[in-house]
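Letters A, B, ... mirror the listed sequences (proteins, then strands); counts begin at 1.
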Amino acid sequence: MASYDIAAIEQKWQERWEKERTFYASEAADAPKFYNLQMYPYPSGELHVGHLRNYTYVDVLTRYKKMRGFNVMSPMGWDSFGLPAENAAIETGIHPLTFTEEHIVKMTEQVRRLGAVYDWDRELAAHRPDYYRWTQWLFLQLFANDLAYKKEAAVNWCPDDQTVLANEQVVEGSCERCGATVEKRNLSQWFFAITHYGQRLLDDLATLDDWPERVRVMQENWIGRSEGASFRLPIAGHDDKSIDVYTTRPDTMFGMTFVVLAPEHPLVAELVAGTEYEAPVAEFVEQVSHETEVERMAAEGDKKGMSIGVNAINPATGDEVPIFIADYVLLSYGTGAIMAVPGQDQRDWDFAKAHDLRIVRTVQPPDDWDGEAYVGEGPAINSGFLDGLEVDDAKAKTIEWLEEQGIGEAAIQFRLRDWLISRQRYWGAPIPVIHCPDCGIVPVPEDQLPVLLPEIDDYKPEGSSPLAAAEDFINTTCPSCGTAARRDPDTMDTFVDSSWYYLRYVDASNDEAPFARDKADYWMSVDQYVGGVEHAVLHLLYSRFITKVLYDLGYVGVEEPFRALFTQGMIVKDGAKMSKSKGNVVSPDGYYEQYGADAMRLYELFIGPPTDDAVWNDRGVEGTSRFLDRVWRLGDGEVGTVSDRDETPADVEMLRLAHRTVEKVTGDIERFAFNTAVAALMEFSNGLGAYLRSEAGGRRATFDTVYDMLLRMLAPLAPHLAHELWERIGNDSMLATEPWPEWDPELTKLERVTMVVQVDGKVRDRIDVDASITEADAVALALTSARVQEYTKGNEPAKVVARPPKIVNVVTA
RNA sequence: GCCCGGGUGGCGGAACGGCAGACGCGGCGGACUUAAAAUCCGCUGCCCCUCACGGGGCGUGUGGGUUCGAAUCCCACCCCGGGCACCA
């Protein structure tokens, strides 16, 4: 138990930081800017120790960078639109607005309690009209530039949440939020044309060298660029029609023994019309359309399909090949049709086997090949003018040939789909368009924003947006022609809100524009972004896209929003991520009461490597609390003795330890190795304790110097205690605004070191030597070691490897 | 299937190719105390020899390799986590 009043100290300093506006940012500051940002949280009203890890990292960085002389901007806001508030409203009858605002108050309190400091002048919340007004403005910008469009398409439908979802929100066929199996429905929905930016989103990943490799790879996979060729296949007996196919393996064209269309492909119905295939094909299509994504994936290997009784012509061989429909070909990718080459594609192989179709190999497999489809490298065979060419050359030559024939060309495909942003839910930003029977889709004029979300009584989604039933809202007049018209009843995906909030922070109270260009120029890009890896694709990809759009439109001067990204791991308890539903949530409140915010913070930092998931240990906070108590006692003169004696080597050693610790902690914080930074400080304080308790005790001047350094280093990590101690030992200044300590390279060098002596790689002796020992002296010393001679048995060593002053290895054989 | 990470004491984890296990948790022993808490000190990878002082062997998922020297680099494999996936 601490002998000091933790609660009083915490309150005192939290009030002072706020009152003195210590951590508020200004564009006018005469220092380099540092935009420090954490992913703004959903106001769930309940912060657990897993969340606090993230808050602690960001706060440490804010405080550290400030001490390093940066003009730090660290804002806070709320991702406050979205389903939980609405679902709670349905259950409890509490209005989402009340629910949300109450949670924001509660969470603000919890965040302050940790001692986390933000520039609250910039606070924003997605659900407030002064914010979503500009989310709507953003929509209009995209609409005006043909990047937002409404289209009927087969979309993901979550039956539980009663709304559509973006592709990114479907994980293995299930709703990312609620886990329900997602269905496909043909609906008219709003999309953002993120595919227009596919290539740039991919290319610019290379510029993000302060992003985790993992995240870049995930985005790369998601964008899914592939190179190949597209070409047209003639259809026997239908000279007016052809099938467009896309392939990444044009070199295998001679091996195309059949063609497969997606069942929903528009050509299918045309080709079978009036034939005996019409009815069975219709039945097959009907059947497939009822399958969910999950069922379709579960059928992998089991290639379901049927012939449609029409042949296509392989342009390379001139042969007629049968056309099939099969559910393994997706209408949504490429052209919805493939040339099937069973010899080089396992799926085609499986299908060919199931339907007894011809297989022709066009790449020579290795001699020991005993597999089925061969997808590797090798010379072309059975391929006419391609024979003998390796895969890459054969691809190029085929494309050349397709172009000469005028039937095809090189082509690039992306897996990335346009971003579906409309939602049939209440608690979101209304889509600012009006549907006019005469003029069609008309954007709400900018000066009429925001389109306010109306108060309604029934939030329950019934397959269409609850707003559709709000007569006063939905009925309006066309801004263009004045006739009676209807507002769009849908709201925007909350990922639209979060795709630009970091730009609003730079000028959060602007009511003329979302933000001023000069402020964006000053603050952007975000220098350090911190958040969970679960947003690797969703939020981070959308934000990159929106920033690029705004760059193209001249609103910002940077193409990438987040210069450096840090993704922290989760905190795990009982083998699972902390969540209410798992019932394993650890609240910080008990720890705050018993040990205080600083001990909590230090354990959050110490718990493990910040990028990794970490297991919560109930005793951990006790450990860091013990450390803080020791620091307190050291400062309070309760440990050992201190006197004004003359300097001894022990004092110099103490000073050296302090300097080495500054070097270590600085480096560790810079590279986000907070766990080892805390460990180094513990070692330092252990050393300081031993020094004071030694027979000679501590020397006043030395102690004052090193304790000053200790407090400065603790200032970002355990700020309340560090500030209080700083004041207690007689400083007038606010520690937060003091400079970070420097280290003297002369003092971080070791003078005496333990040199390890090995014989044949095994440690046989340790000798205390001067750090500047020469190689010759090191070798000589090693060879005279009695322990070494024991092992060399007087024989001349075969070889001696010396790396003074660290190690000498005597090799006997 | 392809692409990333990662396997180190009882636990969380340290470790520029150079003393494996820093720091902390837990455990054991001791000091202080009437007692307890708190605090402080010592020990704490496994096995073996020794009354002891000491000393030896084995140890970073498994098997090979490179090197004077490998947790670290290379190859193969096993296991765990993550991403993509009937994507043509």
Side-chain angles (χ1 to χ4, degrees), chain A residues 1-3 171-172 212-224 226 228 230 245-249 252 260 262 296-304 326-330 332-341 344-348 350-351 375 413-416 533-534 536-537 602-603 606-609 611-624 626-627 629-630 633 638-639 673 675-684 686 689-690 693 754-766 787 797-803 806-813:
Chain A
M1 258 313 115
S3 60
V171 179
E172 289 181 8
E213 170 74 17
R214 187 157 76 111
V215 174
R216 294 196 312 236
V217 168
M218 282 164 77
Q219 293 212 357
E220 211 175 295
N221 287 342
W222 190 262
I223 294 167
S226 70
S230 64
V245 295
Y246 170 76
T247 178
T248 54
R249 292 296 301 274
T252 64
V260 187
R296 245 168 118 147
M297 284 191 298
E300 187 170 347
D302 168 27
K303 295 282 175 292
K304 207 165 16 169
D327 62 354
Y328 80 95
V329 173
L330 310 173
S332 57
Y333 186 78
T335 60
I338 60 159
M339 67 163 194
V341 186
Q344 266 70 233
D345 184 294
Q346 189 60 41
R347 293 155 304 166
D348 296 346
D350 293 341
F351 192 83
V375 298
Q413 275 293 329
F414 290 90
R415 210 191 68 95
L416 183 68
V533 75
E534 66 272 16
V537 173
L602 278 186
Y603 182 55
F606 187 61
I607 192 167
T611 45
D612 294 1
D613 288 352
V615 181
W616 187 260
N617 176 350
D618 287 326
R619 309 301 294 272
V621 182
E622 212 177 310
T624 51
R626 279 205 272 263
F627 162 67
D629 289 350
R630 274 196 291 270
R633 288 195 302 271
E638 291 173 35
V639 179
N675 54 331
T676 50
V678 174
L681 287 169
M682 287 173 168
E683 274 188 270
F684 179 30
N686 289 346
R693 276 190 296 267
T754 302
M755 184 174 79
V756 172
V757 183
Q758 298 179 329
V759 178
D760 295 329
K762 287 194 185 297
V763 179
R764 297 302 180 189
D765 204 0
R766 296 184 174 87
R787 296 270 303 129
K799 187 174 179 182
V800 180
V801 180
R803 294 285 178 274
K806 273 192 173 164
I807 198 160
V808 175
N809 189 9
V810 179
V811 185
T812 59

Q: Would you check if A:Q413 and A:T248 make a side-chain contact, meaning some heavy-atom pair closer than 4.5 Å?
A: no

Q: Report the relative orientation of the aromatic rings in A:F351 and A:Y328; use parallel for angles under 30°, tilted for 30 to 60°, perpendicular for over 60°.
A: tilted

Q: For a quick test of reading the model: is some side-chain N or O of A:R347 closer than 4.0 Å to OP1 or OP2 of B:C87?
A: yes

Q: So, under a plain 3.5 Å distance rule, would you say the side chain of A:R766 forms a donor-acceptor pair with the base of B:C19?
A: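 Check passes, donor-acceptor contact within cut-off.
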
Q: Which part of the nucleic acid, if any, lies within contact of A:Q758, taking any heavy atom under 4.0 Å across all strands shown: a base, the sugar-phosphate backbone alone, or nothing?
A: base

Q: Which base, if any, makes a Watson-Crick or G-U wobble pair with B:C51, both distances under 3.5 Å?
A: none

Q: Quick one: look up who B:G1 pairs with, Watson-Crick or G-U, both distances under 3.5 Å, and put none if it's unpaired.
A: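 Its partner is B:C84.
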
Q: Using the C1' atoms only, state how far B:C53 lies from B:G64, rounded to an integer number of Å.
A: 42 Å

Q: Is the phosphate of B:A88, meaning OP1 or OP2, less than 4.0 Å from a side-chain N or O of A:Y333?
A: yes

Q: Who is the Watson-Crick or G-U wobble partner of B:C73, with both distances under 3.5 Å?
A: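 Result: B:G65.
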
Q: Rounded to the nearest Å, what distance is computed from the CG atom of residue A:L681 to the P atom of nucleotide B:A22?
A: 18 Å

Q: Please answer whether the main-chain N or O of A:R764 pairs with a side-chain N or O of A:R787 as donor and acceptor at a distance below 3.5 Å.
A: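 Yes.
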
Q: Closest approach to the side chain of A:R764, judged atom by atom: which nucleotide of B:C19, B:G57, B:C68 is it?
A: B:G57

Q: Taking A:Y333's backbone N and O only, do any of them form a donor-acceptor pair with A:Y246's side chain (distance below 3.5 Å, no angle check)?
A: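 Such a contact is absent between A:Y246 side chain and A:Y333 backbone.
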
Q: Distance check, P atoms only: B:C68 and B:A15, in whole angstrom units.
A: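 Their P atoms lie roughly 27 Å apart.
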
Q: Rounding to the closest angstrom, what is the interatomic distance between B:G21 and B:U8 at atom C1'?
A: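 One C1' to the other, the span is 8 Å.
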
Q: Should B:A14 form a Watson-Crick or G-U wobble pair with both distances under 3.5 Å, which nucleotide is its partner?
A: none

Q: Need the pair for B:A35. Rule: Watson-Crick or G-U wobble, both distances under 3.5 Å, any strand; none if unpaired.
A: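 The base-pairing partner of B:A35, which may sit in any strand shown, does not exist here.
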
Q: Using the P atoms only, state how far B:C75 lies from B:C3, rounded to an integer number of Å.
A: 13 Å

Q: Would A:E622 and A:R626 satisfy salt bridge (Lys or Arg N to Asp or Glu O under 4.0 Å), going step by step from the backbone distance to the final call?
A: CA-CA 6 Å; A:E622 212 177 310; A:R626 279 205 272 263; 3.6 Å; yes

Q: Which listed nucleotide (B:U39, B:A22, B:G24) is nearest to the side chain of A:A679?
A: B:A22

Q: Between B:G5 and B:U44, how far apart are the two C1' atoms, rounded to whole Å?
A: 33 Å

Q: Using a 4.0 Å heavy-atom cut-off, does A:R803 contact any base of the nucleic acid, only the sugar-phosphate backbone, or nothing at all?
A: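 Base: the residue A:R803, judged by heavy atoms under 4.0 Å, touches a nucleobase.
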
Q: Give A:N675 one of three labels, base, sugar-phosphate or nothing, depending on what nucleic acid heavy atoms sit under 4.0 Å from its own.
A: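 Result for A:N675 = sugar-phosphate.
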
Q: Counting only side-chain N and O atoms of A:K762, is one of them less than 4.0 Å from OP1 or OP2 of B:C58?
A: yes

Q: Please figure out whether A:N686 or A:V615 has its closest RNA chain B nucleotide nearer the 5' end.
A: A:V615

Q: Can you see if the side chain of A:K806 gets near the phosphate of B:G18 - specifically, an N or O under 4.0 Å from OP1 or OP2?
A: no

Q: Does B:C25 have OP1 or OP2 sitting under 4.0 Å from an N or O in the side chain of A:R626?
A: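 Yes.
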
Q: What's the closest nucleotide to the A:Y328 side chain, out of B:C19, B:A88, B:C86?
A: B:C86

Q: Which value, in whole Å, describes the distance between the C1' atoms of nucleotides B:C43 and B:G10?
A: 16 Å

Q: If pairing requires Watson-Crick or G-U wobble contacts with both distances under 3.5 Å, which nucleotide is the partner of B:G29?
A: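 Pair assignment: B:G29 / B:C41.
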
Q: Counting any heavy atom closer than 4.0 Å, what does A:G224 reach on the DNA or RNA strands: base, sugar-phosphate only, or nothing?
A: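 Answer is nothing: A:G224 stays at 4.0 Å or more from every strand.
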
Q: Ignoring the backbone of A:R633, work out which of B:A88, B:U39, B:G26 is nearest its side chain.
A: B:U39

Q: Is atom CZ of A:R630 surrounded by more than 12 heavy atoms (other residues, nucleotides or ligands) closer than 6.0 Å?
A: yes

Q: Quick one: which of B:C68, B:G57, B:A88 gets closest to the side chain of A:K799?
A: B:C68

Q: Is the shortest side-chain heavy-atom distance between A:V811 and A:D760 below 4.5 Å?
A: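 Answer yes - side chains close enough.
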
Q: Starting at atom CZ of A:F606, determine the distance to atom P of B:C11, rounded to an integer number of angstrom.
A: 17 Å

Q: Using atom C1' of each nucleotide, how far apart are B:C19 and B:C78 to the nearest Å?
A: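 Between the two C1' atoms, the distance is 31 Å.
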
Q: Please pick, from B:G24, B:G18, B:C86, the nucleotide with the shortest atom-to-atom distance to any side-chain atom of A:N809.
A: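 Taking heavy atoms from C-beta onward, the closest nucleotide is B:G18.
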
Q: So, OP1 or OP2 of B:C40: does either fall under 4.0 Å of a side-chain N or O from A:R630?
A: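 Answer is yes, contact under 4.0 Å.
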
Q: So does A:R214 get a side-chain nitrogen or oxygen closer than 4.0 Å to the phosphate oxygens (OP1/OP2) of B:G81?
A: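 So the side-chain polar atoms of A:R214 never come under 4.0 Å of the phosphate oxygens OP1 or OP2 of B:G81.
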
Q: Using the closest heavy atom to pick a nucleotide of RNA chain B for each, name whichever of A:T247 or A:R787 lands nearer the 5' end.
A: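 It is A:R787, whose closest nucleotide lies nearer the 5' terminus.
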
